[in-house]
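Have a look at the structure below before the remarks.
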Amino acid sequence: MQTITIHRLADLRAGDRILSHGGRAYRTPLRVTSPLGPIEFGSPVRGVRVENPNPSSGIEWVLYPSQMDGRPMEIERH
């Protein structure tokens, strides 16, 4: 497993684990379940789906380029 730094959500792959964003570490790394793509069929809105760190909540987590791109993200990749 290697740790790399990226600056765009488009560089994420399914299975990557986001360790930190903008210099702030996540207590529980966020595992990417779906790379950048439409958030639902036919939608022009694009996002990256990640596994909710609290599986019992049932809330779906989606990260958007407008909120994440441009700041360093440290990730683990197989």
Side-chain angles (χ1 to χ4, degrees):
M1 187 174 320
Q2 69 183 61
T3 301
I4 60 174
T5 300
I6 62 171
H7 292 85
R8 299 175 341 126
L9 287 181
D11 296 332
L12 289 171
R13 302 177 190 165
D16 285 349
R17 292 172 15 117
I18 305 171
L19 305 175
S20 69
H21 177 248
R24 299 183 72 189
Y26 291 113
R27 183 182 326 203
T28 302
L30 302 177
R31 190 179 69 79
V32 176
T33 57
S34 298
L36 187 64
I39 59 169
E40 53 184 63
F41 183 75
S43 173
V45 179
R46 296 170 51 86
V48 170
R49 291 190 185 321
V50 295
E51 195 173 84
N52 187 327
N54 180 6
S56 64
S57 80
I59 295 174
E60 182 177 48
W61 282 34
V62 178
L63 306 176
Y64 299 98
S66 62
Q67 298 169 328
M68 303 288 287
D69 284 1
R71 291 185 278 165
M73 284 178 271
E74 185 181 15
I75 64 166
E76 280 183 349
R77 178 172 286 163
H78 289 283

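Every value quoted in this text rests on a predicted model; they were computed, and no experiment measured them.
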Going through the distances and angles, do Ile75 and Thr3 end up as a side chain to side chain contact (heavy atoms under 4.5 Å, CB included)?
CA-CA 6 Å; Ile75 64 166; Thr3 301; over 6 Å; no
Show, in sequence, the C-alpha distance, side-chain angles and deciding distance for Leu30 and Leu19, and conclude whether the side chain to side chain contact (heavy atoms under 4.5 Å, CB included) test is met.
CA-CA 7 Å; Leu30 302 177; Leu19 305 175; over 6 Å; no
Test side chain to side chain contact (heavy atoms under 4.5 Å, CB included) applied to Val50 and Thr33, step by step:
CA-CA 5 Å; Val50 295; Thr33 57; 5.6 Å; no
Going by heavy atoms in the side chains, are Pro35 and Leu12 under 4.5 Å from each other?
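No, side chains not in contact.
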Can you find a heavy atom in the side chain of Tyr26 that is under 4.5 Å from one in the side chain of Pro53?
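Side-chain contact under 4.5 Å: no.
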Show the nearest heavy-atom pair for residues [X] and [Y], with the distance to one decimal.
| X | Y | value |
| --- | --- | --- |
| Arg46 | Pro65 | O-CD, 3.5 Å |
| Asp69 | Arg8 | OD1-CA, 3.3 Å |
| Ile39 | Ser43 | CG1-OG, 3.9 Å |
| Gly47 | Val62 | CA-CG1, 3.9 Å |

In this structure, would Val32 and Met1 fall into the same cluster of hydrophobic residues linked by side-chain contacts under 4.5 Å?
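No, it is not one cluster - the side chains of Val32 and Met1 are not joined through contacts under 4.5 Å.
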Does the distance from a Lys or Arg side-chain N to an Asp or Glu carboxylate O, for Asp16 and Arg13, drop under 4.0 Å?
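Not counted as a salt bridge, because no side-chain N and carboxylate O are separated by less than 4.0 Å.
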Take Val48 and Tyr64, measure what side chain to side chain contact (heavy atoms under 4.5 Å, CB included) needs, and give me the verdict at the end.
CA-CA 7 Å; Val48 170; Tyr64 299 98; over 6 Å; no
Are there more than 12 heavy atoms of other residues, nucleotides or ligands under 6.0 Å from atom CD of Glu40?
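No, the 6.0 Å shell around CD holds no more than 12 heavy atoms from other groups.
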[X] side, atom [atom1]; [Y] side, atom [atom2] - distance, nearest 0.5 Å:
| X | Y | atom1 | atom2 | result |
| --- | --- | --- | --- | --- |
| His21 | Met73 | NE2 | CE | 5.0 Å |
| Thr28 | Ile18 | OG1 | CD1 | 13.0 Å |
| Arg71 | Arg24 | CZ | CZ | 9.5 Å |
| Arg49 | Arg31 | CZ | CZ | 13.5 Å |
| His78 | Gln2 | NE2 | CD | 11.0 Å |

